[in-house]
Amino acid sequence: MSNEWTNWSGSVRFSPEEIAAPASERGVVELVQQAIAQRKGIRIVGAGHSSVPLVQTNHVLVSQHKLKGAVGHDPASHRVNMLPGTSISEAGEELIKLKLSMHNTGDVDMQYLAGAFGTGTHGSGRTLQNLSSMLVGCKLVDGTGELRSFSLEEHPDIMRAAKVSLGALGFFTELTIQAEPAVLYARKEYCSHIDVSLEHLEELIDSNRMFDMYWYPRSDRTKLRTCNQLGEGMDDIPFAEKAEQSKGWLYEILPQFRDLKYEEMEYIIPLEAGPECFREIRKRIKEKHRQYVGWRVLYRTIAADDVYLSPFYNQESVTIAVLQNNELEYKKYFDDIEPIFRAYGGRPHWGKKHSLAARDFQELYPEWEKFLKIRQQFDPEGIFLNDYLKKIFGL
Amino acid sequence: MKSKTYGKKSWAFAGGCIPVDSTGKEPDYVSQEVLSILNTTPEEALVQLTFFYTDKEPVGGYEIKVAPQRIRMFSINDLIDPQAVPLGVPYGGVLESNVPVVVQLTRQHTGQSALALMGITVYQADGNS
Ligand SMILES: Cc1cc2nc3c(=O)[nH]c(=O)nc-3n(C[C@H](O)[C@H](O)[C@H](O)COP(=O)(O)OP(=O)(O)OC[C@H]3O[C@@H](n4cnc5c(N)ncnc54)[C@H](O)[C@@H]3O)c2cc1C
């Protein structure tokens, strides 16, 4: 019987020899030890939302749907221990029971915590770091089968490697996340025009805790979305028409439900280069691509961090994403836009389409070698590597 | 008293083709084809659209809702669910509604700055099975 596995968008497909679903930490340790003994590779899958073959394997694919929930809490520090297969939405539900919240979410909440952290998943907000920044401690089964524990205070370098690690250091069996006291948020959506939106872009970014913009290439309309703690941020956007608003806990109102499948390429570029890069992309899409592309372009901002493989490493950033229906040709479109991102020093989102390999990453990530060294120590036999990761890491 | 309703449940058009080029400020002056649907009934109309092409399989599954006793106009250019309709490509469309509606298709071609507007009739289609 074929075990075919497919990612969310349908463009990554493969048939692993086995799909395992351990129900406990002990089960994970045994699985890894068994794989080592049998000289088999292991890849760990979250919700399967990434659209590059990060989790592809001929051997053992590990699903984490039995590893869910909160397992510990330190009220003084607002730190909560979660199992890795807890989805962002489930994490929101667990946290609110403790009157806590994540600082941000991405556009959807279906990713698993470990999967979202693995690729540096982000939301939007000039002063907010990506979701991986919440990871302040972890338990991990490394490539020798050993269960190890780390924390930001005791192992800062390892945590800088672990926060965004593409499932290449080992299997996270427990994540300690830094939460914050839950407060109510107001989320608003407005319709506007690209000229006005660009004119006010800086103000929109600086005046709202969370702000993002969709541009619709076939009409030049925009959607402006803000999310602020009650009583903060722009009360209204005078140059745009309000289309929607909601009030509630962050995890309830920020993420959207998406079931229309698409492919996506997203690059992270320096904050100050954002508007110019966007303008160039808009021009190219209008000149060359909108005959076949109706999907919007998404513009977001994210704060800098110090994580070795974070696309936001040492850089206040703008992220720009181009999307296309998954059943339509997307490669020509993405291939044509990618050099524009690259010209602005862009780093690709680790979970979305891109064409880069080790040589490129070495130039883009100043602490690339440090990560590779830690990876080698954690998984000397490479049981967590697949062909794709070997290409990425140049191994 | 039962109020009078207008239209049919099935409609079709054959001569669609959204111009690729546009001039002038968008969205007002973008080249586009706009479907207008009039629902005179007291019920919400759920209209299912399928587009047909010269050289590929039809694409169905587009859904448009029109509130009771309202009109709705939307640009075919903006549809992306289930997929974007290509510009510059001949296509035809079939609309099936759960209640009688009246349908009109309008093409706006701004490829040259001297703007021309053209209304296109959509035909009532009695599907034979
Ligand atoms: C509809 C949609 C919306 C999206 N929106 C956003 C967005 O707003 N912002 C954004 O930044 N990205 C977004 N993404 C991208 C998505 O967040 C990332 O691809 C994310 O990594 C997917 O999480 P996942 O749980 O599906 O993990 P997967 O894609 O299954 O895995 C991701 C990586 O994590 C590793 N991993 C998973 N579990 C473990 C574990 N226990 N231990 C070690 N490694 C592990 C995997 O091996 C893999 O390398 C979106 C994707 C989709 C499809």
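Residue numbering restarts at 1 for every chain, and letters A, B, ... go by the order of the sequence lines.
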Query raised in the report: What do you reckon, is CD of Glu276(A) surrounded by more than 12 foreign heavy atoms closer than 6.0 Å?
Result: no
Query - Flag if over 12 foreign heavy atoms under 6.0 Å of CZ, Arg258(A) - result: yes
**Report entry** Among Asp81(B), Asp28(B), Val30(B), residue most engaged with chain A (heavy-atom pairs, under 4.5 Å)
**Finding:** Asp81(B)
**Report entry** Heavy-atom closest pair, residues Ala84(B) and Gly294(A)
**Finding:** CB-N, 3.8 Å
Query raised in the report: Taking atom NZ of Lys283(A) as the centre, does the number of heavy atoms from other residues, nucleotides or ligands within less than 6.0 Å exceed 12?
Result: no
**Report entry** Within 6.0 Å of CD in Gln48(B), more than 12 heavy atoms from elsewhere
**Finding:** yes
Query raised in the report: Checking Lys261(A) against chain B: side chain, backbone, both or neither under 4.5 Å from a heavy atom?
Result: neither
**Report entry** Closest-packed option against chain A by number of heavy-atom pairs under 4.5 Å, given Asp21(B), Val85(B), Asp78(B)
**Finding:** Val85(B)
Query raised in the report: Is atom NZ of Lys332(A) surrounded by more than 12 heavy atoms (other residues, nucleotides or ligands) closer than 6.0 Å?
Result: no
**Report entry** Arg290(A), part contacting chain B, at a heavy-atom distance under 4.5 Å
**Finding:** both
Requested in this report: Working to the nearest 0.5 Å, report the span between CG of Asn325(A) and CG of Leu79(B).
Outcome: 10.5 Å
Report summary line: To the nearest 0.5 Å, atom OG of Ser75(B) lies from atom CZ of Arg221(A) at 7.5 Å
Report task. May I ask you to check whether over 12 heavy atoms, not counting those of Phe74(B), lie within 6.0 Å of atom CZ? Result -> yes
Query - Any side-chain heavy-atom pair of Lys25(B) and Asp195(A) under 4.5 Å - result: yes
Query raised in the report: Should we say atom CG of Asn98(B) is surrounded by more than 12 heavy atoms from elsewhere, each under 6.0 Å from it?
Result: yes
Query - Pair Glu329(A) + Lys56(B), salt bridge at N-O below 4.0 Å - result: no
Query raised in the report: Hey, what do you get for CG (Leu87(B)) to NE2 (His289(A)), rounding to the nearest 0.5 Å?
Result: 13.5 Å
Query raised in the report: By a 4.5 Å heavy-atom criterion (distance strictly below it), what part of Tyr292(A) contacts chain B: side chain, backbone, both, or neither?
Result: both
Query - From CD (Glu26(B)) to NE2 (His193(A)), nearest 0.5 Å - result: 7.0 Å
Query raised in the report: Would you say the side chain of Ile80(B) lies within less than 4.5 Å of the side chain of Arg218(A), judging by non-hydrogen atoms?
Result: no
